[in-house]
Structures are given as C-alpha cells and as structure tokens.
Number of protein chains: 2
Amino acid sequence: MADEPKHVGRPKNEAASTALKQAAIMLVREQGYGVSITAIIEAAGVSRQTLYNRWATKAELVLDAFFEQAQTQVSTPDLEGDAPRRRLLAIYLREVFGHVNSDGELLRTLLAEAQIDPGFRKVFFERFVSPRAEIVIDLLRDAQARNEIDAARDPELMTSMLHGALWYRLLIDQPLTDDIADELAGEIFRGGR
Amino acid sequence: MADEPKHVGRPKNEAASTALKQAAIMLVREQGYGVSITAIIEAAGVSRQTLYNRWATKAELVLDAFFEQAQTQVSTPDLEGDAPRRRLLAIYLREVFGHVNSDGELLRTLLAEAQIDPGFRKVFFERFVSPRAEIVIDLLRDAQARNEIDAARDPELMTSMLHGALWYRLLIDQPLTDDIADELAGEIFRGGR
DNA sequence: TACTTAAATAGACTGCAGTCTATAAATTAT
DNA sequence: ATAATTTATAGACTGCAGTCTATTTAAGTA
C-alpha cells in the first residue's frame, strides 16, 4: 500500500535533515536559542534554502531537534495497575519537572516563540502541550471512576491548575522540585474520597 | 527638600515621553505589537534616539504605555471586612480575567518578550506578576488566619496554581470566564476549613 | 538521448530592533 | 558673552530571520 517511491525529480536528501537537527540542538545547547541560522546551516553543511524547505522557522527546527533528543518523552501512567492515582500523578509530575529542569531555558524560549508566531503556536501545542494535558485529564478521570476524587470536579480545570503551576513556576524561576510535585498532587487529591 | 531643578544641560522634554506612550498604545492596539519602532516615533513626532533615551526596548515602552491606560489596576481585596475569603478570591479572579480578556493578545506578547529578554523579564515580573501574586498570597494567609482553609497548606503554591491556570489558559486560548473564576476559587476552598 | 520535475546551492535582498555618529539646541555656570 | 553639559535630531550602520532569484544537480519519463 506504500513503499513505491513513485517520485519525480531530485529526491530529498534525508542526511541534510538529520545534519540540520543535530547542528541545531548542539549549537542551541552551546550558545542558546540566539544562535544564528547561518551558524546552523554552516555547521550542517547545507544551504539556507534547504533548511527552509524542511521547516518554516527556526523554532520548528529546534522543536524537532529537541524531540529527537527524546528525553522529552513522558511515560504514560499505568492506569491498568492498582496504584493510588494520587501517587501516579506525583510520579508523572516529578518526571515532567525533571525534563523541564534540564531544558527549562529552551522550553521558555519555545513558549515565547509560540506566543509570537501563530503557526508555531499550533505546532508547539499539538506536539508538546496537548499530549501532556491529555495524560493528566485521563489520569484524573480514572481517579474519579475509582472514587479517589469527587466526580463533580472538572478534570480539565484541574489540569490547567497543574500544568499552569508548572509553566508559571518555570516562567518566574521558582523551583520545580520533587517536593513541589508531591504537594501539587496532594492539593488535587486533598481530602481523599 | 526637592523642587530645585538644579539641572545642568538641556532639560528632558516630558511631552516627548507622553507622545511616545500614546502613540505606542494606539498603534499597538491598531496593528498589534508588530508595529515598527519607526512608525511609533513618526506618530509621536520624535527621533529614534529620544525613544531609546527613555526606554531600553520596545517592550518596556509598551509596558509603560499599557500601565498608563490604567485599566490594569487590580482593586486589592478588602481584608478588613468580613466577607468570606472564598468570595473575595472569586471576585479578584473575575476582575483579573476581565483585564486579561480585554488585552490578552498584548499580555501574551509581553510575556513572550519577558522570556526572551532578561532585562525586560525583571521589569515585567516586578511590575506586573509579583504584585498580583502578593495580593493572592495575602488573601490566602488571611483565609488561613480565619480558619477558612487549612493552615498547613502553602499559600505560595496555591498562588502558583491560580495564576498558573490563568496564564496557561491564556496561552492555550482556553476561555477565562466568570464561571471559571468561581470554580478556581471553589477548588482552593474545597471542603471548607 | 533529450525533456521534465523537484531539490540544492550561493548569494542578493527585505524589513526589523537596536546602536552609533555627527550636529544642533536648550539650559546652567563662569 | 562664553563654556560646559545634557538632550534632540537625522540618518547611517549592524546583525538578524526569512524571502527571492538564478543556476545547477539528480532523479524519472518519452
């Protein structure tokens, strides 16, 4: 059903894509997001247009490169098992805090780009923000089904509070420690039931 | 003890400052933050350097102009009176949501600038974010003193959750309605005591 | 072999924020 | 008056992301 290249014209050079992503993430980690496009394409050994054939903006390239580094994957909480959902939430938050603590500067910059560029905003939220929101919403719904939190509460709003606290504390340089993760889970599950 | 100009050299033209702020807020509301510096100084009828003698960046000028519009002032909750603190919190949140809803686009852009430019970041947080955080922290401490919420909880963390939810929902274009304000207050005061 | 098509390249170009330079203007001090 | 000092002005300049143009290259098709 696939696998027939059926392609007319000069084929895309995949090596250029990976070289660009590698150069981008390396230089951004070295020099920060402010590194110039020119520096990136020179390090990758490709022309300017080749970059813009693949990504619309520097931000999209860097986001892709960032994901390729793959320490951004969140392990979905195990809702099959029997662990208290409060504990699963705390574990999830600790894990996300870890990612944010190791790449906070870059995440801040990408968030900023997302506010400025509507095209990138869509990409950033679809690829980064929404999947994480879904994980927490599912976890909280499951907790409601198990009667660990009140079914009348709104999982989406609670997710706003949790991820909101995460971003807010990142933006204002407040610490994101394991203790904070546990306290946040505690706030949501406060009172039991 | 003051009022002696005691000033050597050509005096600063205050009219230029107000003309710049007026031109800035007008053009930003008309065309968005992307309006050029050149357009702003031409509308104000001053030279480029005159702007940079007064503000370090476009963002600082726009922030000043934004504050001058003054619909950004939050009325501090009345902690002398006897109203339930849950109600005071809901009123505060409704008011802030109102400001955010009328100038969300601009606030998003200023937040983005704050992430990119450390100098502006400091200014933005000192003038905009911190005062609001203080108001909520004071309100929650007062609620603890009145035994309306558990004294063991951390007002700073609850403030992260509340303002975090506000910014998060602004950033991802989720609505900030009066109902949401009330629900957020309800989440914090859930269970009474 | 020619022809068509898509991708790659070098490098010029645009529009922007912010800096710098040289000069003029407005004020106090001598 | 003259000097010293600070602000204002016009406009050139820098460095950047992203676009555009002309040309070349690598593939499929006739």
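Quick note on labels: first sequence line is chain A, next is B, and so on, each numbered from 1.
In this entry the distance linking CG of B/Asn13 with C1' of C/dT27 reads 13 Å, nearest Å. One can place CD1 of B/Ile116 at 15 Å from C1' of C/dG18, the figure rounded to the nearest angstrom. In this structure, the CG atom of A/Asp117 is 11 Å from the C1' atom of D/dG18, given to the nearest Å. Following rounding to the nearest Å, B/Asn53 (CG) and D/dA10 (P) show an atom-to-atom distance of 14 Å. Taking atom CG of residue B/Leu51 and atom P of nucleotide D/dT9, one finds them 11 Å apart after rounding to whole Å. Atom OH of A/Tyr52 and atom C1' of C/dA7 are 18 Å apart (whole Å). We find that NZ of A/Lys12 is positioned 19 Å from P of C/dT5, with the value rounded to whole Å. Separating the CH2 atom of A/Trp55 from the P atom of D/dT19 is a distance of 15 Å, rounded to the nearest angstrom.
Taking the six-membered ring for Trp and thresholds of 30 and 60 degrees, A/Tyr168 and B/His163 have nearly parallel ring planes, at less than 30 degrees apart.
The main-chain N or O of A/Ala114 is never found under 3.5 Å from a side-chain atom of A/Lys122 such that the two would form a donor-acceptor pair. Panel note: side chain A/Glu95, backbone A/Ser75; a donor-acceptor pair is recorded below 3.5 Å. A donor-acceptor pair under 3.5 Å is absent between the side-chain atoms of A/Arg29 and the main chain of A/Ala24, judged by distance alone. B/Asp117 places no side-chain N or O within 3.5 Å of a backbone atom of B/Glu113 that could act as its donor or acceptor partner. In this structure, the side chain of B/Arg169 does not engage the main chain of B/Gln174 through any donor-acceptor pair within 3.5 Å. The closest donor-acceptor contact from the side chain of B/Arg85 to the backbone of B/Leu79 lies under 3.5 Å. Judged by distance alone, with hydrogens and angles left aside, the side-chain atoms of A/Arg86 form no donor-acceptor pair with the main-chain N or O of A/Arg190 at under 3.5 Å.
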Taking only N/O atoms, report every protein-nucleotides 27-30 of chain D pair under 3.5 Å with atom names and distance.
none

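Between the side chains of B/Thr109 and A/Gln115, not a single donor N or O lies within less than 3.5 Å of an accepting N or O.
Residue A/Arg87 places its CZ atom among 12 or fewer non-hydrogen atoms of other residues, nucleotides or ligands, all under 6.0 Å distant. The local environment of CD in A/Glu80 is sparse, with at most 12 non-hydrogen atoms from other residues, nucleotides or ligands closer than 6.0 Å.
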For nucleotides 10-16 of chain C, read 5' to 3', which letter fits each nucleotide if B means a protein heavy atom sits under 4.0 Å from the base, S means only the sugar-phosphate is that close, and - means neither? S------

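For the helix from C/dT1-D/dA30 to C/dT30-D/dA1, the terminal axes (five pairs an end, C1' atoms, rotation from four pairs onto the next four) enclose an angle of 10°, given to 10 degrees.
For the OP1/OP2 pair of C/dA17 and a distance below 4.0 Å, the side-chain nitrogens and oxygens of B/Thr57 include no atom meeting the criterion.
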